[in-house]
Structure formats: structure tokens, C-alpha cells
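Throughout, residue positions are numbered sequentially from 1 according to the sequence presented.
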Amino acid sequence: MTGNINGTDPSDTWRRQQAQRIVCILLSAFNTCLVQENDVVLSLMSSIKSGEATNILSRSCSKLDSLFIQDGSAQKMKAIMIGLSHSFPVLSAIASSLLKCVLSVVDKLPWGPGKSFALHAAYKNAIDSGMLEQKDLSEAIANTSGYVKEQRSGFGDALLSLASLCRLSSEKTQQELDLVAKTCEEVFLDRNLHTGGEDKLMSILAGCAAIGDLPGIASFAPNISAAAKKNFVADIVKMLEEIVLNDAEELKYRDAATIGLGILCAMSRSSHIRNQMRKNTANKFDSIQAKDGSVMQEILTEVEKTYSSLCTVPSRNGTSRVVVVNKLCALFSTLEPIAMPGNFSRVIELTLNNSPGNELELKASATKLLVSQLEPTRRRIGFDGRGFVDLCTRLAKMPSNELIALVGPNATPIMATSLPKLIYQIPTGTGEDVAKSLWAICRADLSISLSSQSATEFMVGLKSILISVDREGKPPSKRTISPALLRTLQKFIVTKIFSDLCSDAVPSGQNTTENVWTTYLQCLEHVPSATIAEADGQNCDITHATVFGIAICAALSAKSARKVESWIALQKMEDISMANLRSMLLSTLAIATQARNDNGMKESVLSIFEVMLVKGIDTMTFYLLAAKIAFWWESRQMHQLQYVDMPIRRVSNMTSFFVTRNLSFDVHALSPELLAQLFYSFMDDLPLKLAVLCKMWKISDDVSNRASRIWNAHAQREENSTHHLSNHGIRSLSCVRDIVQLIEGGEI
């Protein structure tokens with residue numbers, strides 16, 4: 001399973017699936033070694049199968065109690081730890097959060113059954129991926145050092161871990177390494193220590209680990225540590241030699257010391273590996289040619305040098321790597337306006353595959369360069385851009401969680417912008433798959449990252465495609481799209497996208513979602529009405545889950561607006577849960593802004609009163625009526641008009657301070673309780689405003705008659721029942737009374 005498993009090749013996907021299966025097998029065996037199988041480990045296995053860790057799982061792993069091993073399972077656990085140690089690079093590539101969870105679980109094991117075999121690899125990969133920092137490593141070294149000093153049971157396991165972790169630290173750990181050397185000397189040579197068994201065997205390995213990688217455990221190509229001093233190496237070699245030559249020593253310890261000497265012989269500097277990596281990287285640039293002496297040649301030469309430097313700088317070497325990354329980002333940015341040969345896409349793919357998860361800026365820069373090369377009108381003669389099209393297509397068709405892990409969350413909006421450039425250059429069937437896959441990425445951003453940027457960029461791209469088709473004649477670039485693909489996209493907009501927006505794009509405290517709904521409506525304007533009529537998404541029954549989306553889209557259809565108003569008005573307050581109250585209030589604000597003429601408003605007001613006569617006042621009717629009157633009053637600027645035959649009392653207009661057409665999005669951060677207070681302010685202004693409008697529309701008698709009947713019906717119900725109104729009902733009844741008084745015998 002070596003190599004990058006997040007690549008875009010089908011074989012990479014297969015290897016990733018097999019790697020997930022293997023890690024789950026190891027964890028299953030891990031669980032069987034415990035005194036009692038652990039539910040957290042089972043949940044961790046499920047997350048590895050799905051490829052992502054939830055926040056709940058991360059918290060469960062970090063709060064896990066100490067784990068205990070069954071008698072007779074220690075040797076089996078050591079084998080599992082060695083297996084897991086080699087799986088951590090794969091686990092980090094799948095999801096670095098999963099690696100942190102496994103590390104938390106392993107750390108709960110007692111010292112003795114070989115957890116040192118796994119800790120070195122776990123911390124190395126966690127630091128490289130950015131999930132842990134040097135301070136986390138320093139804390140682990142301090143805790144392990146304290147256990148070694150106490151020399152309790154299993155201290156040999158802790159000693160090996162201490163030696164391995166010290167080589168990962170960028171801070172000075174000479175004091176800890178001296179402790180390793182001193183303890184090894186005591187274990188190897190001091191007969192009064194009475195140390196034996198597994199602790200002595202592990203101490204022999206610890207002496208070797210303090211010098212370099214243990215082959216088959218920490219690495220398959222053991223490298224000697226750059227910080228290892230000659231005197232320290234000589235001392236360890238001397239101690240191992242004395243054990244080997246000591247006939248009085250037990251055979252197993254002499255054998256272990258002999259193996260230790262062989263391990264030290266296998267260690268070497270890693271310059272050969274770096275040189276080989278540099279050579280392989282240079283080969284990727286050999287096929288990319290530019291004219292001698294040209295600016296292009298200079299830029300490509302710098303890109304090659306910088307990328308080669310990046311491959312040789314360890315990801316945990318913070319300062320040096322940041323400098324190289326920033327330079328490569330600048331070079332990629334320079335290449336964006338230039339039409340590059342298609343085989344340069346391999347450089348972009350290498351950058352995405354090989355850069356660690358915390359280098360988001362580099363991943364975003366590489367993705368931006370890729371998308372910039374998709375514009376067919378910029379192709380130069382002799383430069384085939386199919387390489388960029390093929391790479392972008394493969395990326396777009398990846399599962400959303402894998403793509404986000406590969407390109408980083410900052411690059412997903414950039415990928416979303418590729419749709420209008422890509423879709424004209426790929427077959428119809430592939431175009432459908434790409435559009436659906438890109439939308440899945442955007443939806444993941446909406447639901448998981450609570451960001452609407454990717455979805456907005458996707459909608460903007462869709463709109464440009466629809467607009468280009470609406471134009472008479474072909475565009476200047478002569479780009480065409482098949483009728484079948486066009487119909488698929490139009491249906492996709494009014495069904496799948498609408499359904500997903502209803503689920504994930506209701507305004508919340510973290511995300512206003514205004515831009516995504518605005519661009520969605522702009523797309524909908526270019527979809528034929530017949531397609532909308534046929535689609536289930538727009539013609540389905542209104543529910544609490546879809547009411548906000550249908551209310552927003554009602555701006556394009558008066559019929560839909562009336563349907564939404566009727567549904568909202570019929571909802572009883574006692575049947576609305578707190579979870580649904582927020583979407584109901586936001587939907588009411590959205591539908592209240594839909595502009596109508598005077599006749600439409602008159603019909604709406606009278607219909608709402610009819611609903612109150614049938615359903616009572618403890619419904620959403622007064623919220624709806626108050627919001628509609630407030631928006632109508634403000635949109636017509638009634639407070640600025642002068643009428644001769646108007647009320648002598650000034651009409652309260654406090655709600656004008658915050659009434660705007662986009663109020664349903666502006667108040668996205670308010671809690672349901674504060675949203676209800678907003679509607680109460682609408683209701684406070686309602687009686688006087690409604691009285692003025694009724695006189696203007698000549699419906700005072702009709703409204704007064706209905707309001708009086710509502711009041712009388714409530715009075716009779718109060719006499720014959722012990723049922724009491726809610727606070728909302730009391731406010732509504734107060735509004736009814738004020739409306740009757742103002743229209744019939746009050747100020748008007």
C-alpha cells in the first residue's frame with residue numbers, strides 16, 4: 001500500500017480502500033486484546049471505514065479511561081503496535097483527525113505491551129500533518145521521562161518510546177537522551193539492578209533507537225539521527241558488545257544485543273534518499289520545454305528548483321519550509337495568465353498529492369493555477385491543454401471528503417469555479433457526473449464547514465452556462481453544450497439543488513446563506529417554466545423542511561407566494577417545535593417581502609382574517625399579517641406621505657429602523673426568542689397601520705366585521721371553556737381589540 005493513496009488514479013482509490021480495511025483489521029485485533037472490548041474503538045473503526053472523524057469521536061477518544069490488557073495478550077499487542085506504526089502514514093493521508101484519535105487510544109495503554117512501537121510513528125505523522133505541535137511532543141517526552149525515572153513495571157517500553165520521541169523533537173532533549181544512556185548502562189552492566197525480562201530486551205532496542213530509526217519498526221530505510229554524537233554512538237556500541245561477549249549473560253539478551261549491533265550497522269545518513277527524490281522530481285520537468293532565453297524558461301527553471309527544494313525540506317522544519325512554500329505559491333501565481341503545456345498538469349498533481357494537509361495556501365495556489373488553464377480561448381498553437389482538463393475532471397469526480405482532504409478547504413471554492421470552463425470540453429455523460437460531484441463538494445461546505453462560498457461560486461458558474469445558451473446564436477468562442485446535458489442541468493437545479501438548499505442553506509448563526517440563495521434565484525430565472533412545473537422540488541407539498549426555500553423562490557411566482565402564505569397562516573403555534581420555529585419565522589419574513597399591488601394586498605389581508613375566523617388566533621396568522629403590513633408600509637414609504645383624511649394620531653413606525661428587503665438574511669444570527677421579539681414589534685405597530693391602509697383601500701367595513709367576529713368568538717369560547725390562551729394568543733387578541741376600536745369607534 002505504499003505511495004500516495006489520495007491520488008486521482010483509480011488504482012489509488014483501490015489502495016485507499018484496502019488500506020482502510022487493513023487498519024480496521026488491526027484495530028479489531030487490538031480490541032480483542034483488551035480486558036473488555038471498548039465501544040470507542042468500535043466507533044473509531046466505523047469512522048475509518050467512512051474516511052472521516054466526527055467531533056464526538058474525537059472527544060470520546062481524548063476522554064477515554066485507561067485501557068488494560070488481558071493476561072497472555074501482551075505479545076499479540078506488540079505485533080499489533082508494530083503493524084499500526086506502519087499504518088499511520090496511510091491513516092494521516094485518509095484523515096489526519098483519525099490519526100489523532102488512534103494516537104489518543106494507543107496512549108491509554110499501559111507501558112509494557114509495546115505501545116512505544118506505535119507512539120514514535122503516531123507523533124511523527126501527527127506533527128507532519130499539523131494535527132499536533134511541538135509543545136504536544138514536549139509534553140509526551142516529559143511524561144515518559146518521569147515514568148522512566150520511577151522504573152516501574154514496563155519502564156523498558158517507556159525507555160524505547162523516550163529515545164524515539166527525542167529524535168522527533170526540534171527542541172533540545174540532551175537531558176532526556178542522557179537519561180536514556182544512563183538507564184541503558186544500568187540495565188546492561190549493573191548486576192544489582194535485578195532488571196530482566198521484557199524491560200531489558202526493550203532497553204537494548206532503546207539504545208539503538210536513541211541513535212536512529214529501527215528497521216521494520218520506525219522505518220524500512222533506517223537513517224541515523226543528524227543529532228547523534230560520536231561519543232554517544234560509541235558508548236552504545238560498547239555496551240552492546242559487552243553483552244554479546246559476556247558468556248554469563250542469558251542467551252536471549254546476547255542475541256538481542258547482536259541484533260542491536262546489526263541495526264546500528266544498517267543505519268546511514270539520508271542524503272541518498274534526498275538526492276534520489278530530487279532526481280525523480282527533475283524527471284517530471286524534463287518533458288516541459290520552453291524556448292532558450294525566454295521568460296517562460298526562467299520561470300519553469302525556478303519552479304523546478306523550488307519544487308525540488310520543497311521535496312528535501314522536512315514538513316516539520318517550519319521556517320525553512322514556509323519560505324519555500326511561499327516562493328512556489330508566487331511562481332504558480334505568475335503562471336496563471338500564461339497558457340501552459342498540458343503536461344505541466346503533472347506538476348500540479350504532484351504538488352497536491354505530496355504537500356501535507358497543513359499547507360493550505362500551496363494547495364489553493366496549485367488548484368487556482370489548474371483552473372486558470374481550463375479556458376480554451378487562451379490555448380496557444382501547439383499547446384494541448386487536455387492534461388489540465390483530464391486532471392480537473394478526475395479531481396471533480398472524487399468523493400467530496402477525499403477531494404477536500406487533497407486540495408484543502410480553501411481550494412474548494414476554486415474547484416467550484418471550474419464548472420463553466422470544464423463542461424464545454426468534456427463528453428455529455430462526464431459533464432453530468434462532474435456537475436453532480438462538484439455540487440456534492442459545495443454541499444459538504446454548506447453542511448460541514450458552514451460556508452456558502454463554494455455553493456455561490458457553483459451557482460455563478462451555472463448561471464453563466466444558462467445565459468450562454470439563452471443568447472441568440474453561438475458565443476464568440478463557439479462553445480456548445482448538448483441539449484441533453486442542458487436539460488439535465490436545468491432539472492438538477494430545480495430538484496436536487498433546491499432540496500439540498502432547503503436542508504443545508506437555511507440561515508443560521510454561523511452562515512447567512514444570502515448569496516447562495518440570490519444566485520440560485522438568478523439561475524432559476526433562466527430555467528424554462530415547463531421544467532419547473534414538471535419538477536417535484538417546486539411542486540411538492542410544503543413542509544417545515546422546505547418552507548424557507550419555497551418562500552425565497554416565491555419571488556418568481558405569485559401563485560407560489562399565495563400557497564406559502566396560506567400554509568404559514570394555518571400553522572398552530574402549539575404544534576411548532578422550537579427547532580422549527582426559527583425556520584418558520586425566517587420564512588414569514590421572506591414571504592412578507594414579496595411585492596404585490598394594492599388589490600393583491602387587500603385580498604391577502606382579508607384571507608388572513610378568514611383563516612383566523614376558522615383556525616383561531618393562536619396561529620402564525622398575526623405574525624404573517626404584521627410582517628406583511630410592516631414591509632408594505634416601508635416599501636411604499638407611507639410615513640412620508642401626506643393625506644388630508646388620515647388619522648389625527650401619529651402612526652407608530654419604530655419597525656422602520658430595521659425593516660429591509662433582505663431582513664430574513666440580516667437577522668440570521670438571532671435566536672428564535674429574539675426573532676419572536678422582532679415580530680412582537682411588528683404587531684405593536686400593526687393596528688394603526690392597518691387602520692390607515694384599510695381606509696385607503698376602502699375595506700374598513702370588511703376588516704372591522706371580521707375582527708369583531710373573531711373577538712366575539714373568543715369571548716364565547718372563554719365563557720364555555722377553561723382553556724387559556726398562550727402569550728402569543730393574548731398579544732394577538734390585544735391586536736384584534738385595537739383594530740376594532742380604531743376602525744369602528746376610535747381615532748378613525
Side-chain angles (χ1 to χ4, degrees), residues 368 371 374 396 400 409-424 431 434-471 475 481 485-486 488-508 510-529 531-532 535 537-538 546-557 560-561 586-587 589-591 593-595 660-666 668:
K368 192 174 181 182
V371 174
L374 297 176
S400 57
N410 296 348
T412 50
I414 301 173
M415 281 297 301
T417 64
S418 67
L419 179 65
K421 301 177 183 178
L422 189 61
I423 204 164
Y424 297 103
V434 166
K436 292 175 181 178
S437 297
L438 284 176
W439 174 247
I441 298 165
C442 299
R443 189 184 181 191
D445 257 8
L446 274 173
S447 58
I448 300 174
S449 304
L450 301 178
S451 170
S452 58
Q453 186 179 358
S454 297
T456 302
E457 295 290 356
F458 182 85
M459 296 297 178
V460 171
L462 266 182
K463 184 181 71 171
S464 68
I465 295 171
L466 297 175
I467 290 176
S468 69
V469 175
D470 286 345
R471 293 174 182 162
I481 184 172
L485 179 55
L486 177 62
T488 298
L489 291 178
Q490 291 170 342
K491 187 174 181 180
F492 187 61
I493 290 171
V494 298
T495 54
K496 175 61 175 172
I497 293 181
F498 175 77
S499 175
D500 291 343
L501 289 180
C502 288
S503 300
D504 302 322
V506 176
S508 64
Q510 296 80 20
N511 191 6
T512 174
T513 70
E514 179 179 0
N515 290 336
V516 68
W517 279 109
T518 301
T519 51
Y520 177 76
L521 285 179
Q522 293 170 354
C523 288
L524 212 57
E525 290 175 349
H526 297 280
V527 176
S529 56
T531 303
I532 297 177
Q538 294 292 333
T546 61
V547 62
F548 181 80
I550 298 177
I552 292 294
C553 296
L556 304 179
S557 169
S560 294
L586 292 176
S587 302
L589 292 176
I591 201 65
T593 63
Q594 310 302 337
T660 64
R661 184 168 183 80
N662 296 323
L663 188 59
S664 58
F665 297 107
D666 294 339
H668 69 95

Just by modelled atom types, is the Lys491 backbone N or O under 3.5 Å from a matching donor or acceptor in the Thr495 side chain? yes
Walk me through it: do Met459 and Leu501 pass the test side chain to side chain contact (heavy atoms under 4.5 Å, CB included)? CA-CA 12 Å; Met459 296 297 178; Leu501 289 180; 4.0 Å; yes
Per the salt bridge (charged side-chain N to carboxylate O under 4.0 Å, His left out) rule, what does the pair list look like for residues 437-455, sequence neighbours excluded? Arg443-Asp500, Arg443-Asp504
Using the rule side chain to side chain contact (heavy atoms under 4.5 Å, CB included), only one of Ser400, Ser454, Pro413 pairs with Ile441; which is it? Ser400
CG/Leu524 to CD1/Ile552 distance, rounded to the nearest 0.5 angstrom? 12.0 Å
Atom SG of Cys523 and atom CZ of Phe492: how far apart are they, to the nearest 0.5 Å? 11.5 Å
Evaluation steps, side chain to side chain contact (heavy atoms under 4.5 Å, CB included), between Leu556 and Ile532: CA-CA 11 Å; Leu556 304 179; Ile532 297 177; 5.9 Å; no
Quick check against the 3.5 Å criterion: does Ser557 have a side-chain atom that pairs as donor or acceptor with the backbone of Ala554? no
Between atom NE2 of His526 and atom CD1 of Ile465, what is the distance when rounded to the nearest 0.5 Å? 12.5 Å
Are side-chain heavy atoms of Trp517 and Ser452 found at a separation under 4.5 Å? no
Going through the checks in order, is the side chain to side chain contact (heavy atoms under 4.5 Å, CB included) test met by Lys463 and Thr519? CA-CA 8 Å; Lys463 184 181 71 171; Thr519 51; 5.9 Å; no
Euclidean distance, Thr456 OG1 relative to Glu514 CD, rounded to 0.5 Å: 10.0 Å
Where the side chain of Tyr520 meets the backbone of Ile497, is there a donor-acceptor pair that is under 3.5 Å apart? no
Quick one, Leu438 with Phe458, criterion side chain to side chain contact (heavy atoms under 4.5 Å, CB included). Give me CA distance, side-chain angles, the key distance, then yes/no. CA-CA 8 Å; Leu438 284 176; Phe458 182 85; 3.8 Å; yes
